[in-house]
Amino acid sequence: MANSGAGQGLVVCFGEMLIDFVPTVSGVSLAEAPGFLKAPGGAPANVSIAITRLGGKSAFVGKLGDDEFGQMLAGILKENKVSADGVCFDKGARTALAFVTLRADGDREFMFYRNPSADMLLKPEELNLNLIKSAKIFHYGSISLIVEPCRSAHMKAMEEAKKAGALLSYDPNLRLPLWPSAEYAKEQIMSIWNKADLIKVSDNELEFLTGKITDESAMSLWHPNLKLLLVTLGEKGCKYYAKNFKGCVPGYSVKAVDTTGAGDSFVGALLSKIVDDHSIIQDEAKLKEVLRYACACGAITTTKKGAIPALPTPADVQELIKTGGK
């Protein structure tokens, strides 16, 4: 079976790690929230932990503030068996914070504290190139493209990973409040589009980039070097587009509490399955099996608050696949 166990090749995740402050009560505005829970997050870091939680191997590359929150986040990576050999600390800047409001339906709105935060200040010369070159898959988002010097560090890391033969995996993970404008966000997200081998967007991101959510609009994002394009549809599962086939995989129905990290969990599951066998991307039957597994991981992650605490173990996933949801 394609989904027996996670791969042992290394997935290197590049970008931001921060602390989400999640209200203790859902369905209220930030101003009305009586209190907040600290939840470690940041999409690339979530993906790295999703992979190790499922038994795979990952490393995180990024910059944290040399403060209590930064030390706490580095500790969380290590506790979760993620290599922190690519993490560096900034003495002058703080670890990024995000306040997340949970609406009654579990969806989120964000308010960020980053002016500038340590993750934005990662320089190309601070990269652990040996670690990056040892990646079988190099995974990243678009938040690291917003400002220099982090953008240059991102470009260099991507280039080195590609030269060393890694599969490049891109999840734009749009967070509009962080960008100076929607136009600039779109331009920068698309500026590295043609370099990726594998791209995952949500239905909302597809609409942001193309104006609609259709097969045609998804295919308008195809480029000749792309091996797989995925569009996640929340509880409806996901659509997949490969060179020689396309289709969809249904999702799992669960009681969603907080959707934070669901997409990262999905990506982590997918990467952990294909890291040792990139040919799965060309084999529709195997790919569908892996995507069903990834959809189950995403669904489970919505059933608890915060991203990292909610990331599933293989036993959790097998249980949901067996029962089929609520």
Side-chain angles (χ1 to χ4, degrees), residues 1-13 44 46-59 134-141 158 161-162 164-171 193 195-202 215 218-219 221-233 236-252 262-301 311-318 320-322:
M1 265 174 73
N3 68 11
S4 56
Q8 289 309 296
L10 181 68
V11 182
V12 173
C13 301
N46 294 342
V47 171
S48 70
I49 293 175
I51 289 165
T52 57
R53 192 79 48 95
L54 293 168
K57 273 178 68 179
S58 70
S134 65
K136 288 273 186 291
I137 297 178
F138 183 70
H139 175 75
Y140 48 89
M158 206 166 62
K162 185 76 172 173
L167 185 87
L168 297 189
S169 161
Y170 183 23
D171 175 359
W193 198 261
K195 295 190 187 311
D197 300 297
L198 187 163
I199 297 175
K200 173 251 160 193
V201 289
S202 67
D215 281 346
M219 283 315 293
L221 293 174
W222 188 264
H223 67 79
N225 303 321
L226 197 55
K227 296 182 171 73
L228 180 65
L229 173 66
L230 297 168
V231 180
T232 53
L233 308 166
K236 296 191 187 80
C238 77
K239 292 195 161 189
Y240 57 86
Y241 305 86
K243 278 209 167 74
N244 302 314
F245 53 80
K246 65 176 199 279
C248 57
V249 170
Y252 291 84
D264 305 328
S265 182
F266 173 92
V267 171
L270 169 71
L271 300 184
S272 77
K273 294 296 181 195
I274 64 171
V275 65
D276 289 339
D277 184 2
H278 296 177
S279 74
I280 289 170
I281 294 171
Q282 271 95 43
D283 181 327
E284 190 170 14
K286 280 185 184 170
L287 179 65
K288 280 182 89 155
E289 196 177 331
V290 165
L291 292 175
R292 272 195 288 272
Y293 186 89
C295 283
C297 288
I300 292 164
T301 308
L311 296 169
T313 63
D316 298 331
V317 188
Q318 294 308 342
L320 180 62
I321 289 172
K322 207 166 71 197

Search all heavy atoms of [X] against all heavy atoms of [Y] and return the closest pair with its distance.
X    : Y    : value
A242 : W222 : C-CH2, 3.6 Å
A6   : G55  : CB-C, 3.7 Å
D215 : K239 : OD1-NZ, 3.2 Å
V231 : A218 : CG2-CB, 4.3 Å
G141 : Y170 : O-CE1, 3.5 Å
V290 : K273 : CG1-CB, 3.7 Å

Is there a side-chain contact between [X] and [Y] (heavy atoms, below 4.5 Å)?
X    : Y    : answer
C295 : Y252 : yes
L198 : K227 : no
T232 : V267 : no
I281 : D197 : no
V47  : D171 : no
T301 : F266 : no
M158 : K195 : yes

Where the side chain of [X] meets the backbone of [Y], is there a donor-acceptor pair that is under 3.5 Å apart?
X    : Y    : value
Q282 : L287 : no
H278 : L167 : no
K136 : D277 : no
H139 : C13  : no

Mind checking the [atom1]-[atom2] spacing from [X] to [Y]? Nearest 0.5 Å is all I need.
X    : Y    : atom1 : atom2 : answer
Y241 : I199 : OH    : CD1   : 13.5 Å
L270 : I51  : CG    : CD1   : 9.5 Å
W193 : L221 : CH2   : CG    : 5.0 Å
K286 : E289 : NZ    : CD    : 9.5 Å
L10  : S48  : CG    : OG    : 10.5 Å
K236 : C248 : NZ    : SG    : 12.0 Å

### Task
Please test I274 against I137 for side-chain contact (heavy atoms from CB on, under 4.5 Å), starting from the C-alpha separation and ending with a verdict.
CA-CA 9 Å; I274 64 171; I137 297 178; 3.9 Å; yes

### Task
Sequence neighbours left out, what passes salt bridge (Lys or Arg N to Asp or Glu O under 4.0 Å) with D283? Give chain and number order.
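Counting only residues at least two positions away or on another chain, D283 forms no salt bridge (Lys or Arg N to Asp or Glu O under 4.0 Å).
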
#### Entry: Under the side chain to side chain contact (heavy atoms under 4.5 Å, CB included) test, residues paired with V317 that sit two or more places apart
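For V317, the residues satisfying side chain to side chain contact (heavy atoms under 4.5 Å, CB included) (neighbours in sequence not counted) are L54, Y293, A296, C297, I300, P312, I321.
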
### Message
Is it the case that over 12 heavy atoms from other parts of the model lie below 6.0 angstrom from the NZ atom of K246?
### Response
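Result for NZ/K246: open.
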
